[in-house]
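Inspection log for the structure reproduced underneath, given as structure tokens.
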Amino acid sequence: ETTGGFGDKDFDVEGFVNNLSPYSTDDNFDAHSLLASFESEIERLWQEHDMVSTRVGQLELACSSNEDEHLLTLQDAQADIEKGLNTLQSLGNGVSQISVKVVPVGDQLEGTKLRRDRAVDACTITKHFTAFGDNKNRLLPPFHLIEMRSDLPGDNGNVEKLSNEELEEAVNIMQKVKYLSAELSSSTNYLSTHTRITKVNKQLEGHCIDKFQKALVLDSLDTMKNISRLLHALSPKVHTKLVDVLVEHMVSKIPFLHDTIFDACVQLCEQIQDLVVEVFEQPIPIMLVMVKVLLQGCITDFVRGKLEKSDDRLDTLHKLFTKVSDTIDRLDEALQLNLDVNDKTRMLRSVFQKYTHDYIDQEISTLQRTYSEHLQEFFNTIHQSNNITAGGKRGERNGLTEDDMEDLIPTLIDSSMSATLLYENKTALLRCKAIAPKQRMAEWCFRIFVQLLDGMCEEYLRTAIKVASKCLPPKKLKSPPSLSFLTLVGNCNSNVFLVQKHFQEVVAPLIAEDDAVRSACIRRKNEVMLKLEGDLTRGLTRCTDAVVEWVKHLLSTHQDKHDFKPVEDSLLMLSRTEACASVTSFLSASFKQVLATLNGKNETKLCRYLGCAIHNLLISHITQHVISKLGAIVLKQDLTSYSACLAQLRDPFVDELMATLVEVCQVLIVSQESLDQLCLEGRLASMPKSVLDTFLHLRSDAKNSKLRDLMNKM
């Protein structure tokens, strides 16, 4: 007990002493007794140490002995392994030598077996071929169950008793018998044999098809797959009938003549694809046949029914064309057929071939009829509301007053009517884009666009211009001219802009690939636009000439000959003369109407032309008067008013002309001594000498010799 734990790793000496002391002492402490106890325990510990050392030595000796034994064993094992490897290598060399001798023997055996099998097959085929040539007896098994002949002895054939193994055997034998029959077909001796083989072959094919059909109804994939394989080996051409059976069975599930037929076709093909993949070795050709049958069968019937019942045949054709095209795309994606654009086009046109051969003629005819109806209804409305006879040419006047014609012009071109004509043309172009063959699309779109040019520009706008031309001012004016024609010009320009925009956005992309058609289309469009521009230009010229003519009339009737050579200073109190007031009032009203009805280049050109014409007229008018200094001041006031009036045209060139004209008035006001300096300043410095001479001759002192000398120097 006292030495327990001494061999532990964590031996506590102090604890050991404390535990040992109670055993050697009583209640009174005795150092000698304690020392004796310690010595006794130390002696015991040494004895135990000697025992452990002796045991350790024995174990070391045993380990050394075992190590020697294991080393010897390992050496013996290594020797045995080397011996085994040598033996294995010698065996491998022996096997190689044997195999070199055995392989040719095996090849010989295989060749012998192959020849034997061929001989057996030849014997079998010969027996069956001979049986086919014996028309007085039944065929050998398994063909005796296939041939149906009641004129021969024995039981008549019953193909239903034919097992799967017998069917496969019959197919294999029939393949070889047919080949042999074909080799001997040139000989007349085997004609009856060939006929009998052909007949039985057809019966065998029919049995395969019937069995496939029954398996299809029963949804037996293994049977269908086996029959498909056998029939493909027996008669590849007849194998396609299995596809017909499969398609016919599946197509019967589609809801014919129903709007959901397109979705039903896609869903059915997706369902049948799994079956085709399991049954047939090459599913994609089978699915292609399925798609073509659906398109040329139920979908074609659906299209025919819809078109026969449709009131708007072209619109229905376009919708169906788009729907079938989308369906083909969906089938291609769902079945992964990898169809190219040409394949899809051929499939699509196979459905609509009967209805698209005269499509463009129908489109043109319908468009012409639609335009005619819209325009006739529109002009009839104008006739009724304005008492214009409808029996004569459109827009012919029947006793209308000038005021009636003024009210008529704004109604001749209606924005809703133009929008209708453009919409009909755009709809026809979109139909043509979808339906027309790619190589004819540009040409057909050009023909459709020509209908818009003829209907909207030639018939509609030019008729409106012709009617509005009756409101143009006469050449000899008796009253202020009416400029109501400008209203029609503005409306006509807006419609021309819409036609141009329609061409750029809708027509041009459709004809861009055909340079010849594109050039012809642009040429035809420009010709029509030039005709319109010519009609409008003639009308605008009449209007501007009338404005200038009426201004000339106002100046000649309202301008007093003493206005620019007054005898009293009272005229200086007025801001302008009566003639100027009348002219500016008339011009302001005319300019307002021009700016309100025209825009763009038409407005710019007309304002430039009108401003220059008025400027030239004012110069011509001024040069008819003799002007005094006071009169020159009055003239300058009038010209300032004219300049402010013409500024409404917003043309810098006209403004510059008028500013120069106002500045020229200074030569009529300043003294003779200041003329030389004045003519060298400002705008007068660049003015032609002839113009300055003209104005200098208007001075009341123009005959003065001093002034004449100055003019000569200038």
Side-chain angles (χ1 to χ4, degrees), residues 228 232 236-237 239-244 246-248 250-251 254 261-304 306-307 316-360 363 429-446 448 506-518:
S228 174
H232 186 272
K237 293 182 178 179
H239 180 262
T240 57
K241 292 184 178 180
L242 296 184
V243 181
D244 297 337
L246 177 64
V247 171
E248 182 180 357
M250 293 300 179
V251 167
I254 297 179
I261 185 173
F262 301 106
D263 294 332
C265 287
V266 176
Q267 295 173 2
L268 178 64
C269 288
E270 290 176 343
Q271 295 173 2
I272 199 175
Q273 187 180 26
D274 296 335
L275 176 62
V276 170
V277 171
E278 289 291 335
V279 174
F280 298 96
E281 295 180 356
Q282 297 179 342
I284 291 182
I286 307 300
M287 294 310 301
L288 278 174
V289 173
M290 178 71 181
V291 171
K292 291 179 180 179
V293 170
L294 289 175
L295 291 174
Q296 298 173 5
C298 57
I299 291 182
T300 300
D301 295 339
F302 175 79
V303 168
R304 181 175 61 252
K306 284 291 185 180
L307 289 175
T316 303
L317 177 63
H318 178 231
K319 291 180 179 178
L320 289 173
F321 206 93
T322 304
K323 193 68 177 177
V324 174
S325 178
D326 293 341
T327 302
I328 293 175
D329 291 337
R330 291 172 59 191
L331 288 171
D332 181 35
E333 181 179 359
L335 306 180
Q336 298 181 351
L337 301 177
N338 299 322
L339 299 174
D340 58 21
V341 176
N342 294 329
D343 293 333
K344 294 180 181 179
T345 301
R346 282 193 293 269
M347 289 183 178
L348 180 61
R349 299 208 170 275
S350 67
V351 177
F352 296 94
Q353 184 176 5
K354 181 179 178 181
Y355 311 103
T356 56
H357 67 282
D358 60 344
Y359 156 73
I360 189 60
E363 189 72 79
L429 287 170
L430 293 178
R431 282 198 295 261
C432 182
K433 179 183 178 181
I435 298 174
K438 185 177 181 180
Q439 64 273 18
R440 303 295 300 276
M441 184 178 69
E443 176 191 349
W444 290 5
C445 289
F446 171 43
I448 292 173
V506 183
V507 181
L510 299 178
I511 63 175
E513 295 184 1
D514 194 322
D515 294 336
V517 172
R518 183 174 178 274

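The analysis underlying the following values was restricted to heavy atoms, covering all of them including side chains, and did not include hydrogens, waters or symmetry mates. Quick note: residue numbers are just sequence positions, from 1. Keep in mind the model is a prediction, meaning the values are calculated, not measured.
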Would you say [X] and [Y] make side-chain contact, with heavy atoms under 4.5 Å?
X: Arg431; Y: Tyr359; answer: yes
X: Met287; Y: Cys269; answer: yes
X: Gln273; Y: Met290; answer: no
X: Glu363; Y: Ile448; answer: yes
X: Val279; Y: Ile286; answer: no
X: Leu320; Y: Val351; answer: no

Passing option when Leu348 is tested against Thr327, Leu295, Ile328 for side-chain contact (heavy atoms from CB on, under 4.5 Å):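 Option passing the side-chain contact (heavy atoms from CB on, under 4.5 Å) with Leu348: Ile328.
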
Taking every non-hydrogen atom, the tightest pair across Cys298 and Ile261: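 Smallest interatomic distance, heavy atoms only, reads O-CD1, 3.6 Å.
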
Heavy-atom closest pair, residues Val517 and Ala442: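 Shortest heavy-atom contact: CG1-O, 3.4 Å.
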
Side-chain (Thr322) to main-chain (His318) donor-acceptor, under 3.5 angstrom: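 Such a contact is found between Thr322 side chain and His318 backbone.
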
N/O donor-acceptor pair under 3.5 Å between Arg349 side chain and Ile435 backbone: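 Indeed, once roles are kept as given, a pair shorter than 3.5 Å links the two residues.
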
Stepwise side-chain contact (heavy atoms from CB on, under 4.5 Å) test for Asp329 and Glu333: CA-CA 6 Å; Asp329 291 337; Glu333 181 179 359; over 6 Å; no

Aromatic plane relationship, Phe321 with Phe352 - under 30° parallel, 30 to 60° tilted, over 60° perpendicular: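 Tilted.
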
Pair Arg304 + Asp301, salt bridge at N-O below 4.0 Å: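 Asp301 and Arg304: salt-bridged.
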
Neighbour count above 12 (heavy atom, 6.0 Å) for Arg330 CZ: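 More than 12 within 6.0 Å, yes.
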
Exceeds 12 heavy-atom contacts within 6.0 angstrom, atom CD of Gln439: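 More than 12 within 6.0 Å, yes.
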
